[in-house]
Asks: 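Shown below is the structure under consideration.
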Amino acid sequence: MTRSSEPTGHGTGSAAGTDSPGATNGTDGTDSISCEGVGVTLSGSSGALDVLGGVDISVARGEFVSILGTSGSGKTTLLRVLGGLLPATTGTVRCHGSVVTGPADGVVTVFQDYVHSLLPWRTVRRNVGLGIEAGCDRAERDERVDEALIMVGLRQRADEYPWRLSGGMQQRVQIARALATRPRVLLMDEPFGALDAMTKASLQDQLQQVQELTATTVVFVTHDVEEAVYLSDRVLVLDGSPAAIGLALDIPLERPRHQVTTKESADYLRLRHRVYEALGHDIGERARLGEHDHA
Amino acid sequence: MPEASAVASRVPPSKALRGRINAVGAAVFVLGLGVWELAVRTGLLDFAYLPPPSDVVVGLGELIETGQLQGALAHTLFVALSGWALAGLLGVAAGSVLGLVRPVWRYSMASLEALRALPIVAFVPVAVLLYGFSARMEIVVACYAALWPILLNTISGMRTEQRLIEVGAVLRLSRPAVLWKIRLPAATAQIVVGLRLGLSISLVLTLVAEMVGNPAGLGFLLVDKAEALQPAQMFAGVFVVGVAGIVLNALLMVAARLAFRGQLNAAGEGG
Amino acid sequence: MAGENGTGGTPLRGLLPLAALLVLWQLTGDPDSPYFPPPSEWFAAVRPLVEGNELLPAVAATSLTFLIGLGVATLIGAIVGTLVGSSRPADRALSPSLEFLRALPAASLVPVATLILGYTTQMKLVVVVLPATWPILLACRSARRSLSPVLLDVPRTLGLSRRHRATKILTPALLPAVLLGVRVAAPLALIITLLVEIVTRVDGLGSVLGAAQANFLSAQVYGLLTITGLLGYLVNWVVTRADNAVSRRMRGEP
């Protein structure tokens with residue numbers, strides 16, 4: 001396990017995250033994770049399907065980037081390619097300079113489906129320890145598991161089984177499991193997509209705090225525009241077929257952000273408006289369609 | 001199975017059939033036979049009495065020519081099917097009573113479970129003791145063997161979903177109407193499962209009864225050919241037994257599907 | 001077969017008819033009947049076997065064949081089932097051959113095995129293993145097929161080694177299916193062990209039973225039948241308990 005460059009990563013990362021909110025492509029000079037000309041063709045039952053074509057992304061250290069797209073736009077596929085879970089048909093993925101061929105060291109994916117990604121036969125503590133059992137001795141593992149559980153506020157539930165917890169808590173266990181590996185890049189695939197609005201909001205704030213604390217680079221896939229704008233330093237919109245990056249928008253909102261005040265600010269609303277536009281929503285037309293649906 | 005049946009119902013029959021013919025699988029099967037043939041011919045597999053498949057085909061021809069196969073097959077099928085049919089009547093009747101009348105179930109189910117723990121084959125010596133070396137003994141054994149899965153599946157099938165019974169009550173159906181229109185159809189899929197299991201078990205036990213008891217039928221043919229050191233003919237017999245099992249099961253499924261299309265599809269047994 | 005239908009939920013008063021039958025049999029049965037000797041005679045008839053030190057070795061031989069056969073079947077069934085379940089092409093390629101092997105009744109394997117391997121313990125094992133493999137193989141195949149793909153992505157993204165992926169994720173995830181298969185396969189394996197022994201008379205409880213029948217010792221036959229029943233009950237009890245305990249733990253149900 002070569003995760004020794006942690007401390008320095010923390011310092012520069014948090015600077016990029018807070019002091020220069022407009023952080024675009026690698027203000028501190030090094031990309032954390034990037035891809036170039038990535039295309040993916042999947043073979044389905046109805047022949048080959050071009051899901052992605054010519055996607056270029058580069059994410060700076062400590063940056064929080066959201067990838068937005070309508071359902072079926074290939075955003076999950078893109079995240080799987082970044083995480084090394086799915087080989088790209090064309091193009092290359094780089095992580096800290098080296099080409100990714102499988103799941104890279106220091107890159108962890110958090111899945112939407114928390115039910116199936118937690119092992120029901122292990123307690124919360126042992127679930128969180130899953131990724132570091134092989135490389136750490138017992139004392140260090142316990143320490144790191146505790147640290148991760150404290151970050152997501154589940155220290156008290158460590159010895160319970162995941163199926164005894166609510167959906168939001170289960171997702172926090174999955175996030176803690178990723179954090180315990182001390183990742184440099186956290187890839188999140190609609191992690192809050194299956195949760196109710198209240199839980200979602202509190203988890204968003206928790207994720208903000210965790211990222212501020214650890215300066216982890218986050219690539220966050222979602223179909224929720226508000227969520228993307230609220231959390232990110234930069235929003236990328238996937239569209240077209242095969243999909244590519246249609247819009248890259250910096251989100252220079254002040255941090256730390258707040259669920260009520262940030263979302264009331266004019267900047268926030270303006271940015272949100274632009275993202276909706278990029279996703280192809282004509283506000284007026286949508287209203288008419290809504291009426292039509294009711295009739 | 002459910003996906004397969006869902007697809008099959010949407011796709012036109014000819015296409016569904018073509019989709020089901022598994023060329024790769026058949027090729028692997030033939031390849032396996034080829035490897036066996038080669039291994040025996042080249043002496044790679046060296047057992048005194050392991051014939052290559054080509055010899056087995058010759059043995060099959062001999063069995064048919066002398067008429068031994070036809071006689072044995074007819075006897076075994078007759079016994080297995082009569083035992084099974086008897087078990088079907090008994091099992092469905094008794095299973096319905098046990099499934100529908102709670103007091104009867106309460107006061108006899110534990111006895112049945114205790115009896116079920118007795119391994120079925122252990123009854124073959126008892127049957128031989130009671131009925132001697134006769135076809136009647138074989139039928140009794142086949143019937144007893146087939147009875148258990150049919151009985152138990154009927155009992156559990158008759159435990160209709162409470163909601164369906166409520167439907168009957170809401171529609172003000174009489175008790176016989178509830179039995180005939182709701183409970184029996186709801187139990188059909190599971191009874192068919194019991195009948196299938198029963199058929200294959202009755203075939204197995206018929207063979208056992210013929211091996212240790214009544215010297216007739218395919219079971220005796222197998223033992224006889226083994227003792228006469230004619231492995232090719234014996235393997236041919238084994239092959240026929242396997243095919244007979246597959247054909248019987250397929251016929252039963254076709255019949256059941258024709259008779260109870262709706263019930264079986266609903267239970268995902270249609271494929 | 002859930003709830004009340006399981007052995008645990010069946011009211012014990014249901015044993016009354018069986019008990020009544022046995023009592024009636026005992027009271028009205030003729031001790032010299034060649035067909036229906038009363039239960040008290042059964043035990044008297046089995047005693048010489050115990051004293052002659054025949055019964056215990058026979059039970060041991062049967063149990064040994066049963067246990068080894070079931071163990072080998074579990075291993076083969078779990079491995080082949082997992083492989084076939086994880087690859088559609090492999091499944092399609094192998095299923096006709098497997099289906100044909102499955103259709104062969106266990107009884108028809110006995111002459112084949114005796115001819116090739118002789119009247120040996122090895123022969124007994126081969127005949128027991130093949131049929132007992134199917135329930136485990138099928139349960140494993142369908143469990144592997146329906147395994148969530150996310151569960152397989154988790155160890156990859158966490159950087160677990162291939163070995164740890166198998167031991168920490170796949171094995172525990174498929175264990176309930178294996179045990180479900182064993183629960184079906186165990187009674188089957190016992191039946192087939194007895195079957196081989198009855199047909200071939202190679203040592204074991206089945207061959208003692210067959211010999212008793214050949215010598216028209218009807219009381220001994222009934223006595224031995226009762227002993228096989230107890231063995232069958234024991235096997236059922238153990239596998240059901242094991243299955244319930246492990247599934248509850250592994251499937252994460254309270």
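Proteins get letters first, then strands, A, B, ... in listed order; numbering begins at 1 in each. Predicted, not measured: the structure shown is a model, and the values here were computed from it.
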Asks: Look only at the side chain of C:Thr228 and the backbone of B:Pro119, and say whether a donor-acceptor pair between them is shorter than 3.5 Å.
Replies: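 Such a contact is absent between C:Thr228 side chain and B:Pro119 backbone.
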Asks: In terms of heavy-atom pairs under 4.5 Å with chain B, which of C:Leu194, C:Leu117, C:Leu16, C:Val199 leads?
Replies: C:Val199
Asks: Which heavy atom of C:Ala107 sits nearest to which heavy atom of B:Met211, and what is that distance?
Replies: O-CE, 3.0 Å
Asks: Can you confirm whether B:Arg136 is buried at CZ, in the sense that more than 12 heavy atoms of other residues, nucleotides or ligands lie under 6.0 Å from that atom?
Replies: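 Atom CZ in B:Arg136 is not packed in, count stays at 12 or less.
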Asks: To the nearest 0.5 Å, what is the distance between OG (B:Ser200) and CZ (C:Arg102)?
Replies: 9.0 Å
Asks: If you measure from CG on B:Leu207 to CG on C:Leu195, what distance do you get to the nearest 0.5 Å?
Replies: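 Going from the CG atom of B:Leu207 to the CG atom of C:Leu195 covers 9.5 Å.
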Asks: What part of B:Leu115 lies closer than 4.5 angstrom to a heavy atom of chain C: side chain, backbone, both or neither?
Replies: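 Side chain only.
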Asks: Please assess B:Leu229 against C:Leu115 for the test side chain to side chain contact (heavy atoms under 4.5 Å, CB included), listing each intermediate value before the final yes or no.
Replies: CA-CA 8 Å; B:Leu229 299 182; C:Leu115 199 59; 4.0 Å; yes
Asks: Between C:Pro11 and B:Ala110, which heavy-atom pair has the shortest distance, and what is it?
Replies: O-CB, 3.6 Å
Asks: Of all of C:Asn236, C:Ile198, C:Leu12, C:Leu21, which one pairs up most often with chain B through heavy atoms under 4.5 Å apart?
Replies: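 Maximum pair count with chain B is reached by C:Ile198.
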Asks: Identify which part of B:Ala26 has an atom lying under 4.5 Å from any heavy atom of chain C, answering side chain, backbone, both or neither.
Replies: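 For B:Ala26, the backbone is the part near chain C, not the side chain.
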Asks: Could you tell me which residues satisfy ring-ring contact (aromatic ring centres under 6.0 Å, His included) with B:Phe123, sequence neighbours excluded, listed by chain and number?
Replies: B:Tyr144
Asks: Just wondering, more than 12 heavy atoms not from C:Gln26 lying within 6.0 Å of its CD?
Replies: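 Counting neighbours around CD of C:Gln26, more than 12 heavy atoms of other residues, nucleotides or ligands fall under 6.0 Å, so yes.
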Asks: Given B:Asn22 and C:Ser95, is the side chain to side chain contact (heavy atoms under 4.5 Å, CB included) satisfied, shown in steps?
Replies: CA-CA 9 Å; B:Asn22 182 346; C:Ser95 63; 3.8 Å; yes
Asks: State the CG-CE distance between C:Leu15 and B:Met109, to the nearest 0.5 angstrom.
Replies: 11.5 Å
Asks: Determine the minimum heavy-atom distance between C:Pro17 and B:Ser108, stating which atoms define it.
Replies: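 Nearest pair, atom of C:Pro17 first, then B:Ser108: CG-CA, 4.1 Å.
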Asks: May I ask you to check whether B:Phe239 and C:Phe100 place their ring centers less than 6.0 Å from one another?
Replies: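 Between C:Phe100 and B:Phe239, which both carry aromatic rings, the centre distance is below 6.0 Å.
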Asks: Heavy-atom pairs under 4.5 Å with chain C are the metric here; pick the option from B:Val28, B:Val126, B:Leu129 that has the most.
Replies: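 Counting heavy-atom pairs under 4.5 Å, the top option is B:Leu129.
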Asks: CG/C:Leu98 to CZ/B:Phe29 distance, rounded to the nearest 0.5 angstrom?
Replies: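 Separation between the atoms: 10.5 Å.
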Asks: Among B:Ala27, B:Gly245, B:Ala122, which residue forms the greatest number of heavy-atom pairs with chain C at distances under 4.5 Å?
Replies: B:Ala122
Asks: Counting heavy-atom pairs closer than 4.5 Å to chain C, which one of B:Ile246, B:Leu130, B:Val204, B:Ile201 comes out on top?
Replies: B:Leu130
Asks: Report the residue from C:Leu225, C:Leu224, C:Leu209 that forms a side-chain contact (heavy atoms from CB on, under 4.5 Å) with B:Pro125.
Replies: C:Leu209
Asks: Below 4.5 Å, heavy-atom pairs only: which of B:Val24, B:Leu112, B:Leu203, B:Val238 has the largest tally toward chain C?
Replies: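 If we count pairs closer than 4.5 Å to chain C, B:Val238 comes out on top.
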Asks: Among C:Val221, C:Thr114, C:Leu104, C:Ile116, which residue forms the greatest number of heavy-atom pairs with chain B at distances under 4.5 Å?
Replies: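 Most pairs with chain B among the choices: C:Ile116.
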Asks: Let's test your reading of the structure: which of C:Ala106, C:Ser108, C:Ala103, C:Gly232 forms the most heavy-atom pairs below 4.5 Å with chain B?
Replies: C:Ser108
